[in-house]
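Structure record follows, encoded as structure tokens.
A quick note: this is a predicted structure, and the numbers were derived from the prediction, not measured.
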Amino acid sequence: MMLLLLFGLLLVGGYFLLHVTVLKLPRCKSSAKLDGKTAVVTGANTGIGKTTAMDLARRGARVILACRDRRRAEAAVQEIIEETGNSQVIFMQLDLASLQSVRSFADNFLRSESRLDLLINNAGLMNGGKTEDGFGMIFGVNHLGHFLLTVLLLDRLKASGPSRVVTVASKAYTMGKVDFNCLTTHRDLALGGSDYQLFQKYCHSKLCNVLFTYELAKRLQGTNVTCYSLHPGAIKTEIGRNTGFWWNLFLTPIIFLFFVDAESGAQTTLHCALEEGVEHLSGHYFTHCAPLTSIESKARDNAVAKKLWELSETFCGLS
């Protein structure tokens, strides 16, 4: 019995040590105040997005929660106001799976808000199915909706500068690729709807996020807008809430044991949004509150980044 108890204590101690060493993520050290600034955070009703919005509100920003689910978003708004004492936190409807909804959001925002200092492209999913416009859901929400949103808000970002666009990508980009034949033929990043195939599409979409930021930075040269993509870490979020039973059965113990909370996951987002002196790193990919210099070459492919941008413009009816 004593041996079992000792073994249990060793396991608990080892687990605690793992979380305070290997799995511990650095904190955003910025003390920036954001009074008079306006931020938009997509997917801000839960997880990393909600934590990000909470931090920005504490710093005094006017924070727009751009979300699809009104009920959950309004509950998040009330919680953030109560926690921070900042009443300048509001919900605006945005469904990234509908290009019309993205346009409506942009129109409403531009009519009602005089400035935009931070655009946090945070929302993401790993669902099957199609968007309202017939694109694969993962491609449509994780990349295309955010692409259109950013392009439609660029003039306001430029007018409010210095301003920033921060896009939450993932280390999963390393397993991604951009298949233009599949995109042009099927309006999706890949075929298939199994849990593993959805995960592959998620990886592809995260590579799109990194390439989008890389190309955006080139197009923003000479302006006072900078942009960054990032890996938030292995975070406990609701992104896989719609995956199948067996996939959840496999992932749940791994997530429980080795993933960290949303507050930790928001730190690199906040670093990219707030840290002074990173303007020269526009277009870079960050992890652990620092730029990653050894990024894979496929995430810096000029031809692929340009082609993805131009195809996205066509899909959105911008070209």
Side-chain angles (χ1 to χ4, degrees), residues 25 42-43 47-49 96 119-127 135-147 149-150 165-183 188-192 195-218 226-235 237 239-240 243 251 254-255 258-260 264-269 271-273 278 281-309 311-312:
L25 296 177
T42 69
I48 296 170
L96 289 162
L119 173 59
I120 313 292
N121 292 323
N122 164 83
L125 50 69
M126 199 162 58
N127 298 9
F135 298 100
M137 185 65 73
I138 292 171
F139 172 71
V141 170
N142 294 7
H143 168 68
L144 199 61
H146 280 127
F147 170 86
L149 178 67
T150 304
V165 179
V166 179
T167 299
V168 179
S170 168
K171 189 178 180 179
Y173 91 85
T174 60
M175 295 178 278
K177 65 179 181 180
V178 182
D179 184 341
F180 288 110
N181 288 330
C182 193
L183 276 173
D188 206 349
L189 292 160
L191 300 180
D195 287 337
Y196 178 68
Q197 288 165 328
L198 293 180
F199 173 69
Q200 286 182 309
K201 292 181 187 182
Y202 177 78
C203 296
H204 302 333
S205 75
K206 295 293 106 177
L207 177 58
C208 289
N209 290 157
V210 178
L211 287 167
F212 161 63
T213 302
Y214 180 59
E215 179 68 16
L216 178 62
K218 290 191 286 185
T226 54
C227 57
Y228 314 88
S229 64
L230 65 102
H231 171 56
I235 311 301
T237 70
I239 194 167
T243 53
L251 286 180
I254 296 173
I255 291 171
F258 301 112
F259 284 37
V260 296
S264 298
Q267 298 307 307
T268 301
T269 299
H271 177 86
C272 291
V278 299
L281 296 171
S282 183
H284 279 63
Y285 169 85
F286 283 67
T287 183
H288 288 75
C289 294
L292 185 67
T293 55
S294 58
I295 192 166
E296 293 194 13
S297 59
K298 64 182 174 182
R300 288 293 177 267
D301 189 314
N302 290 304
V304 172
K306 184 174 184 288
K307 189 172 180 179
L308 177 63
W309 183 284
L311 184 61
S312 299

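- A 4.5 Å side-chain heavy-atom check between Asn209 and Ser229 finds every atom pair outside the cut-off.
- Residue Pro291 is tested with Leu281, Val278, Leu230 for a side-chain contact (heavy atoms from CB on, under 4.5 Å); the sole match is Leu281.
- Note that CD1 of Ile295 and CZ of Phe286 are 11.0 Å apart. Values are rounded to the nearest 0.5 Å.
- Between the OG1 atom in Thr287 and the NZ atom in Lys171 there is a gap of 7.5 Å [rounded to 0.5 Å].
- Phe139 CZ to Asp188 CG: the interatomic distance, rounded to the nearest 0.5 Å, is 8.5 Å.
- The two atoms that bring Gly283 and Ala217 nearest to each other are CA-CB, 3.4 Å, heavy atoms only.
- Closest approach of Ala190 and His204 over heavy atoms only: CB-CD2, 4.1 Å.
- Using bins of under 30°, 30° to 60° and over 60° for the plane-to-plane angle, the ring pair Phe212/Phe147 lands in the perpendicular bin.
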Thr150 and Asn121: CA distance, side-chain angles, deciding distance, side chain to side chain donor-acceptor pair (under 3.5 Å) verdict: CA-CA 8 Å; Thr150 304; Asn121 292 323; 3.1 Å; yes
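- Atom CD of residue Gln197 and atom CD1 of residue Ile138 lie 10.5 Å apart, to the nearest 0.5 angstrom.
- Taking each heavy atom of Tyr202 and Ala172 in turn, the nearest pair found is CE2-CB, 4.1 Å.
- Between Gln200 and Met175 the shortest side-chain heavy-atom distance does not fall below 4.5 Å.
- Without hydrogens or angle criteria, Tyr228 side chain to His271 main chain gives no donor-acceptor distance under 3.5 Å.
- By the 4.5 Å heavy-atom criterion applied to side chains, Leu216 and Trp309 are counted as neighbours.
- You'll find the side chain of Leu308 reaches within 4.5 Å of the side chain of Phe180, heavy atoms only.
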Evaluation steps, side-chain contact (heavy atoms from CB on, under 4.5 Å), between Leu149 and Leu119: CA-CA 9 Å; Leu149 178 67; Leu119 173 59; 4.0 Å; yes
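- Residue Thr167 holds its OG1 atom at 11.0 Å from CG of Asn142, rounded to the nearest 0.5 Å.
- Looking at Val210 and Arg300, their side chains come closer than 4.5 Å, going by heavy atoms from C-beta outward.
- In this structure, Thr268 contributes its side chain and Pro232 its backbone to no donor-acceptor pair below 3.5 Å.
- Checking side-chain atoms of Lys177 against main-chain N and O of Lys298 turns up no donor-acceptor pair under 3.5 Å.
- Contact of the Cys182 side chain with the Leu189 side chain is not registered, since no non-hydrogen atoms from C-beta on lie closer than 4.5 Å.
- Side chains of His146 and Thr42: a donor-acceptor N/O pair is present below 3.5 angstrom, by distance only.
- Between the NZ atom of Lys218 and the OG atom of Ser282 there is a distance of 12.0 Å, given to the nearest 0.5 Å.
- For the 3.5 Å distance criterion, the side chains of Tyr214 and Asn302 qualify, holding a donor opposite an acceptor.
- Residue Ala305 comes nearest to Leu211 through the heavy atom pair CB-O, 3.9 Å, listed as atom of the first residue, atom of the second, then distance.
- Judged by distance alone, with hydrogens and angles left aside, the side-chain atoms of Ser170 form no donor-acceptor pair with the main-chain N or O of His231 at under 3.5 Å.
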